[in-house]
J.: 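Structure below; questions to follow.
Proteins come first, then strands; the chains are lettered A, B, ... in the order of their sequence lines, and each starts at number 1.
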There are 2 protein chains.
Amino acid sequence: MDTTQRTDQQRSADRRRRELLEAADRVVLRDGPQASMNAIAAEAGITKPILYRHFGDKGGLYAALAKRHTDALLDSLRAALDAPAERRERVESTLDTYLAAIEARPQVYRFLMHPAEGGTGGDQGFDVGKHSAPLLRRMGEELAQVIEERVDVGPESQQLARVWGHGIVGMMHAAGDWWLGERPCSRAELVRSLADLLWGRLAAAGDRMGGPGF
Amino acid sequence: MDTTQRTDQQRSADRRRRELLEAADRVVLRDGPQASMNAIAAEAGITKPILYRHFGDKGGLYAALAKRHTDALLDSLRAALDAPAERRERVESTLDTYLAAIEARPQVYRFLMHPAEGGTGGDQGFDVGKHSAPLLRRMGEELAQVIEERVDVGPESQQLARVWGHGIVGMMHAAGDWWLGERPCSRAELVRSLADLLWGRLAAAGDRMGGPGF
DNA sequence: GTGCGATGTTACTTGCGGTAACAGGAGTCT
DNA sequence: AGACTCCTGTTACCGCAAGTAACATCGCAC
C-alpha cells in the first residue's frame, strides 16, 4: 500500500532531521556543549516540541549529532591507520590526524567528550560503567581491532589488543587535551614525543641518580 | 583587635565546612555526580542558602569536594611512585594503586572526572582549554615531575616529561574506565598489559601478515 | 538594653528539559 | 462534499534545580 507516499514522507522527515542536525551543529559550535534545546529550536526556526518529536530527548539529539562527527573523525583515523606504511609512520600519522582534528574544531571536540550529563528526571539509574565519551570507546575498539589484525603479539592477543587500544586512545586524548590548553610545543613535536613513549623510550632511559633501591 | 574571637569563629566555620563536605560526600556517593544542592543540604540537616554562603555556588562545593579526594588519591600515588624499587615495579604499583582506587569507589571516581558541567546562567564564557577533569591534570603534572626528577632522557627532558606524564595518566584513565565497565580481566592482568605497552612491546612486536608496505 | 555579625529559615525568581492540548493542511476514502 | 487520518506546528504548561532576597534568631561586646 502506498509505499511511494510513505517513502516520500520518510524522505521529507529525513531531510528535516538533517536540517535540524545542522542547526544544532551551528548552535553547539557557537554556544558549546551546554546549548539549550530552545536555542537549537530557535536556530532551526521552529519550536521545541518538534525537536522532541524527532529526537526523543536531548540525549537523542546529542547522540545523533555526536554520531555524525564521530563517524567523520573515525573515517579519517581509519585512513591513517590502514595506510600501507611502516608501523611507526602509521602511528605518527594517526596521532597527527587526531590532533589536527581537535585543533581545528575544539568546540566540536569538547562536545564529543562531554556526553549525556544525565537527564533532569529524578530517575537516572546512575549506571556505573560507561562513563567516558562514546567517541573514546569507539576509537579504542577500532584501534584494538587494527592492532589485533595487524600485529603479532603472541597468545592472548585479543585481550592485549583491547587494553592497548583503549590505553593508547586515552593517552592520545589526554595529551591532546592538555596540549590544546597550554600549547607548549608544536603538533609535530607532540606527535614525536608520544610515539617515542609508545616505543618504550621511557622504559629504556637511564636513571638520573642512583636511588637507594638501585 | 579581638583576634581570639575571630579565630574561634574561623574554627567553628571550618568545622561546619568540614561537616558539610562530609554530608556532600555521602550524597555524592549515593546519588552520583548529579546530586542536587537540596539533597546535600537535607543530608547535612540544613537548607540551601547555608551551602551557598559556605561555598559560593555549586562549582565551589564540587571543587572543594574534589580537592579532598584528589589530594588523598595523589598521596597514595606519590607513595607508589616514590618507592625505592625498580622502575618497572614502581610503574606497576602506581597503576595498581590507581586502578584499585577507582575500583573501590567508582562513584567518587566518576564524580572527579565529571567536573563543572557549566552553570545554569546563560553567561558561561565557554573557555576552550581546560576541558578535562582537574584530577587528570594534576596527576599528569605530578607524574611529569617525577619523571623529570628520576629519569635521564637527554635534552628537552622537561617537555618530554610533561608530554609523557599527561599521556601516561590518560592511558591509565581510559584503560581503567573501560576496564571498570567491562571487567574483561583481572586488575593484575590489566596492570601488566599496560606496563608492557609502556615498555614498548607493541613497537617490538612483529607483523601478522606481510602487507604491501612491509 | 542596644547594636552587630554569624546562623538559619521561608519564599521567591529564573531558566531548562520535557509534555500536554490544541490548530491547521494535505491527501484519502465513501 | 464531508469525515477521517496523519503530519507539522504552535502556545501554554509542569516539575525541578540553581541561586537569591528578605526576614528571624541567637550570642556577644559595649
Side-chain angles (χ1 to χ4, degrees), chain A residues 1-20 23-24 27-28 31-65 114-124 126, chain B residues 1-20 23-24 27-28 31-63 65 114-124:
Chain A
M1 35 105 112
D2 46 29
T3 59
T4 67
Q5 184 204 348
R6 236 197 188 152
T7 306
D8 272 12
Q9 284 176 188
Q10 195 93 351
R11 279 172 69 191
S12 158
D14 278 11
R15 240 192 40 208
R16 232 341 168 239
R17 193 186 159 93
R18 229 167 299 151
E19 288 174 12
L20 297 186
V27 176
V28 165
D31 296 355
Q34 77 278 1
S36 81
M37 295 297 264
N38 258 324
I40 294 173
E43 170 73 29
I46 51 152
T47 49
K48 269 194 301 180
I50 302 184
L51 279 184
Y52 283 96
R53 282 221 260 272
H54 273 274
F55 300 102
D57 63 352
K58 191 177 186 174
L61 201 174
Y62 275 38
L65 201 50
H114 270 245
E117 313 237 342
T120 303
D123 43 332
Q124 190 61 11
F126 181 55
Chain B
M1 35 109 110
D2 46 28
T3 59
T4 66
Q5 185 204 347
R6 236 196 188 150
T7 307
D8 271 13
Q9 282 175 190
Q10 195 93 349
R11 279 173 69 192
S12 158
D14 278 11
R15 239 191 43 207
R16 225 354 162 236
R17 194 185 158 93
R18 229 167 299 149
E19 287 174 13
L20 297 186
V27 176
V28 165
D31 296 355
Q34 76 279 5
S36 82
M37 295 297 263
N38 258 325
I40 293 173
E43 169 74 29
I46 50 152
T47 50
K48 267 196 299 180
I50 303 184
L51 279 184
Y52 283 96
R53 281 222 260 272
H54 274 273
F55 301 101
D57 64 350
K58 192 177 185 170
L61 201 174
Y62 274 38
L65 202 50
H114 269 245
E117 314 237 340
T120 301
D123 43 334
Q124 189 64 9

J.: Would you say I40(B) and K48(B) make side-chain contact, with heavy atoms under 4.5 Å?
T.: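 Sidechains of K48(B) and I40(B): no contact.
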J.: Could you state the CD-P distance from Q34(B) to dG15(D), rounded to the nearest angstrom?
T.: 21 Å
J.: Among dC16(C), dA18(D), dT8(D), which nucleotide sits nearest the side chain of S36(B)?
T.: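 Closest nucleotide to the S36(B) side chain: dA18(D).
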J.: To the nearest 0.5 angstrom, please state how far the CG atom of N38(A) sits from the CD atom of E43(A).
T.: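 Rounded to the nearest 0.5 Å, the CG-CD separation comes out at 13.0 Å.
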J.: Which value, rounded to the nearest 0.5 Å, describes the distance between E19(A) atom CD and R16(A) atom CZ?
T.: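 Rounded to the nearest 0.5 Å, the CD-CZ separation comes to 5.0 Å.
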J.: For the CG atom of D57(B) and the CG atom of L51(B), what is their distance to the nearest 0.5 Å?
T.: 11.5 Å
J.: If you fit an axis to the five pairs at each end of the helix from dG1(C)-dC30(D) to dT30(C)-dA1(D), how big is the angle between those two axes, to 10 degrees?
T.: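 What I find for the helix from dG1(C)-dC30(D) to dT30(C)-dA1(D) is an axis angle of 30°.
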J.: Which heavy atom of A39(B) sits nearest to which heavy atom of V27(B), and what is that distance?
T.: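 Answer, listing the atom of A39(B) first, then V27(B): O-CG2, 4.0 Å.
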J.: Nearest-Å distance, CZ (F55(A)) to C1' (dG17(C))?
T.: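 Nearest whole value for this atom pair: 16 Å.
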J.: In the structure I gave you, are the side-chain heavy atoms of L20(A) and F55(A) within less than 4.5 Å of one another anywhere?
T.: yes
J.: For the side chain of Y62(A) and the backbone of P33(A), is there at least one donor-acceptor N/O pair under 3.5 Å apart?
T.: yes
J.: Between residues 42-51 of chain B and DNA chain C, which residues have a heavy-atom gap below 4.0 Å?
T.: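 Output list: I46(B), T47(B), P49(B), I50(B).
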J.: K58(B) NZ to dG19(D) P: how many Å, rounded?
T.: 8 Å
J.: First locate atom CZ of R53(A), then atom CZ of R17(A), and finally report the distance between them rounded to the nearest 0.5 Å.
T.: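 Rounded to the nearest 0.5 Å, the CZ-CZ separation comes out at 15.0 Å.
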J.: Find which nucleotide of DNA chain C each of R53(A) and N38(A) is nearest to by heavy atoms, and output the residue with the more 5' nucleotide.
T.: N38(A)
J.: Return the value, rounded to whole Å, for the distance between atom CE of M37(B) and atom P of dT20(D).
T.: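 One finds 10 Å between P of dT20(D) and CE of M37(B), rounded.
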J.: Should R16(A) be listed as having a side-chain N or O under 4.0 Å from OP1 or OP2 of dG9(D)?
T.: yes
J.: Rounded to the nearest 0.5 Å, how far does CD1 of I50(B) lie from CE of M37(B)?
T.: 12.0 Å
J.: Would you mind reading off the distance between Y52(B) atom OH and dT7(C) atom C1', rounded to a whole angstrom?
T.: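 After rounding, the gap between these two atoms is 18 Å.
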